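Quantities reported herein were computed from a predicted structural model and do not represent experimental measurements. Atom set for the values below is all heavy atoms of this structure, side chains included, hydrogens, waters and symmetry mates excluded.
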2 protein chains.
Amino acid sequence: MPEGEKEITIYDIAARLNVSAATVSRGLKDHPRVSKATKKLIIKTAEEMGYRSNSFASNLRKKQSNVIGVIVPRLNSSFMADVLAGIEKVVNNNNYNLFISQSLESMQKEASNARAMLNSRVDGLLVSVAYDTANFDHFEPFIKRNIPVIFFDRVFDHESCPQIYIDNYKAAYDITGHLIKQGCKRIVHITGNQLRNVYSERFRGYKRALEENNREFDNGLVIINDLSSKAGTEAAAEILKMSPLPDGLFVANDICAVSCMQALKKEGINIPNDIAVAGFNNDPTSCVIEPNLTTVNYKGYEMGEVAAKLMINHLVDKYDLQETHSLILRSELIIRESSLRNGDGNVD
Amino acid sequence: MPEGEKEITIYDIAARLNVSAATVSRGLKDHPRVSKATKKLIIKTAEEMGYRSNSFASNLRKKQSNVIGVIVPRLNSSFMADVLAGIEKVVNNNNYNLFISQSLESMQKEASNARAMLNSRVDGLLVSVAYDTANFDHFEPFIKRNIPVIFFDRVFDHESCPQIYIDNYKAAYDITGHLIKQGCKRIVHITGNQLRNVYSERFRGYKRALEENNREFDNGLVIINDLSSKAGTEAAAEILKMSPLPDGLFVANDICAVSCMQALKKEGINIPNDIAVAGFNNDPTSCVIEPNLTTVNYKGYEMGEVAAKLMINHLVDKYDLQETHSLILRSELIIRESSLRNGDGNVD
DNA sequence: CTGAAAGCGCTAACAC
DNA sequence: GTGTTAGCGCTTTCAG
């Protein structure tokens, strides 16, 4: 396609070597039935002539792209960046390529991205759904064609799609229990769209912990927003208006928790003594904010690796996806100063 | 390729409609010389039959992929994630796809990624080079084939490759000047591999600011490391051993600056009064650390957009790349408490 | 405005 | 171990 010379094909190599194109094709791969000598010669000549394989032709012929598609809500979140790094590593090491696109938290964009992935014929799709994704329609074409779709973190329930996530319920249950043990009586919970498992499960864990400790659940203590940094600041204002002032706060992500803490501190609230705070995600900012934020750690990088490995195994070994429907990864409660009352260093 | 039905092709549509495949092909695109009526009919039928275009065949025929490749040092850095988000938006809006891979700061991996990109026939390549990239060999095949390569942020000098970056020299010059105005006499500079423009230019700006203010440059005050969080902690130990203790610190990125600050604070150093500190990048942690970190802001998102737009313009309009060799984006000094002495609120 | 036909470069079944 | 052959699905001259 450039100006000067034409692109070299296997036919050019074949002509130069007086063999057939088929032999060249075989030689370039590691086909067993081709002699060491010719194989070596072919590879050497290819190099010399500046050959590059034409993946279009090969894909067309083989009906597979060696490409895995990824759709995430946003690329620029610390957690997602970690996940992608994990995915990239595994995918790259297995000689697959990665198509990446972001839904920007909109189901509509997610659908259009899915369509693009379908047309570019990805061999498999890894998805973490958008904030407002309410149905599965845009993934149906993949299922119909037996193209594997795997959900991670923000999963969508569908029988043919494996899902990878952490036990959000239990983590939230534990962290709320921890706040209760610290003596919190009225614990505010800030969370996001309840359509998303990650938020509804955390909410469920929070409620359950209250119940088990004979605390009454008070809907007035629940704030639902988009968990952004800005929302955290606004939530702080809301909290300050509550009376009596709550003495505990569990936010469903760290970004929002941190900005909320900053706003509360600015108003003279002492953390943890006035209000003990816990977040979720172990964002880098959580150990920079003072006091350091109690949170739930789960490794995005690992989640990315696991998701990608599951996909690759299926694609390469025809490993049956149906066998593993859910993969629940480990998460851990990290207790820091933001929730530790009165120098009580007891970590449970 | 799945079990059930075969994949629909334009021939199937053609047969159903009693027209030729050529007409279907034209109808599906927006070819001018096809009647509105048949065009509409073709599109409708395609939809009904569950047709999806075969990009392999089309790419093979047209000799272009509609894919843009991106190679970055790492995906999981706040700055790169922003850049990628910007790139993705532009690329996606223009109906291109995005191949993304990471070099993990190794030139070797970068080269292997470049080879993969070459083989998958990306139409253009966007690159921010690895920590130790020392030569251009792995990009030569692109140049030879007239495949555009554009560098951003960490650029590599090559006459046929446009570069997009900020004026690192001036930003560092300004921030060092600011520290000097705050009364700093002995300013430590922590920086990275001098092979990389971003670090060598910042170093140059630091030196120049010292010169102009008749401060002697002291190589003993320069620490070169990998600018990681861990390196910041180690650098703090080094600084604490210096005598007399320096009274200013300019770190070439925020991640390292923040961890260094944390370690210094732990040793009882007062920031900014004992040591005034400045970073670079405006990382999210920079306005969480206390005192908030003075830094240089430059928007990764915008840089991504600009890089992608330049690429797309070139690809679509055949806009001549040679005309814009360098694109220098705006950056701004953000002065916060970490460098403001004695309640002196003078910004400048 | 539409059709016929060739060919993009590769792979795989089948021969030998 | 190697060659022959056909065809993957599309685009695009060239004709009409």
* Atom OH of A:Tyr51 to atom C1' of C:dG9: distance rounded to whole Å? -> 8 Å
* Give me the ring orientation class for B:Phe151 and B:Phe156: parallel if the planes are under 30° apart, tilted from 30 to 60°, perpendicular past 60°. => tilted
* To do: Using atom CG of A:Asn59 as one end and atom P of D:dG9 as the other, report the distance to the nearest whole Å.
  => 13 Å
* Assign A:Ser25 to base, sugar-phosphate, or nothing according to its heavy-atom contacts below 4.0 angstrom with the strands shown. => base
* Ignoring hydrogens and angles, state whether a donor on the side chain of B:Ser20 or B:Thr23 is under 3.5 Å from an acceptor on the partner side chain. => yes
* B:Asp12 CG - D:dC8 C1' separation (whole Å) -> 13 Å
* To do: Drop me the distance from A:Ile71's CD1 to A:Met117's CE, to the nearest 0.5 angstrom.
  => 5.0 Å
* Asked: So what does B:Ser55 hit on the nucleic acid, given a heavy-atom distance under 4.0 Å: a base, only sugar-phosphate, or nothing?
  -> nothing
* To do: Quickly work out the A:Ile10 CD1 to C:dA12 P distance and round it to whole Å.
  => 11 Å
* Would you call B:Asp123 and B:Ile147 a side-chain contact if the rule is heavy atoms closer than 4.5 Å? -> no
* Structure fact -> Note: for A:Tyr11 and B:Ile8 on DNA chain D, the residue whose nearest nucleotide lies more 5' is A:Tyr11
* Does a side-chain N or O from A:Thr38 land closer than 4.0 Å to OP1 or OP2 of D:dT2, or not? -> yes
* Asked: So, do A:Phe152 and A:Tyr165 have ring centers that fall under 6.0 Å from each other?
  -> no
* To do: Pull out every residue in residues 16-23 of chain B that has a heavy atom closer than 4.0 Å to any atom of DNA chain C, ordered by number, or say none.
  => B:Asn18, B:Val19, B:Ser20, B:Ala22, B:Thr23
* To do: Enter the distance from B:Ile143:CD1 to B:Leu125:CG here, rounded to the nearest 0.5 Å.
  => 9.0 Å
* Atom-pair distance (CD on B:Gln64; C1' on D:dT12), nearest Å -> 14 Å
* **Spacing of A:Lys39 atom NZ relative to D:dG1 atom C1', expressed in whole Å** => 11 Å
* **Whole-Å gap separating P (C:dG7) and CZ (A:Phe56)** => 21 Å
Quick test: give all pairs of protein nitrogen or oxygen and nucleotides 14-16 of chain C nitrogen or oxygen below 3.5 Å, distance rounded to 0.1 Å.
none

* Asked: Any idea which of C:dC10, D:dG9, D:dG1 is nearest the A:Ser35 side chain?
  -> D:dG1
* To do: Could you tell me whether the phosphate oxygens of C:dG9, OP1 or OP2, come under 4.0 Å of any side-chain nitrogen or oxygen in B:Lys63?
  => yes
* **Between A:His325 and A:Gln163, a side-chain donor and acceptor under 3.5 Å** => no
* Any chance the side chains of A:Asn97 and A:Asn66 put a donor and an acceptor closer than 3.5 Å? -> no
* A:Val34 has a side chain; which of C:dC10, D:dT2, D:dC10 sits nearest to it? -> D:dT2
* Please determine, by modelled atom types, if A:Thr38 and A:Ser35 share a side-chain donor-acceptor pair under 3.5 angstrom. => yes
* Could you check how far CG of A:Leu60 sits from C1' of D:dG7, rounded to whole Å? => 9 Å
* **Pair B:Asp132 + B:Arg196: basic N to acidic O under 4.0 Å** => no
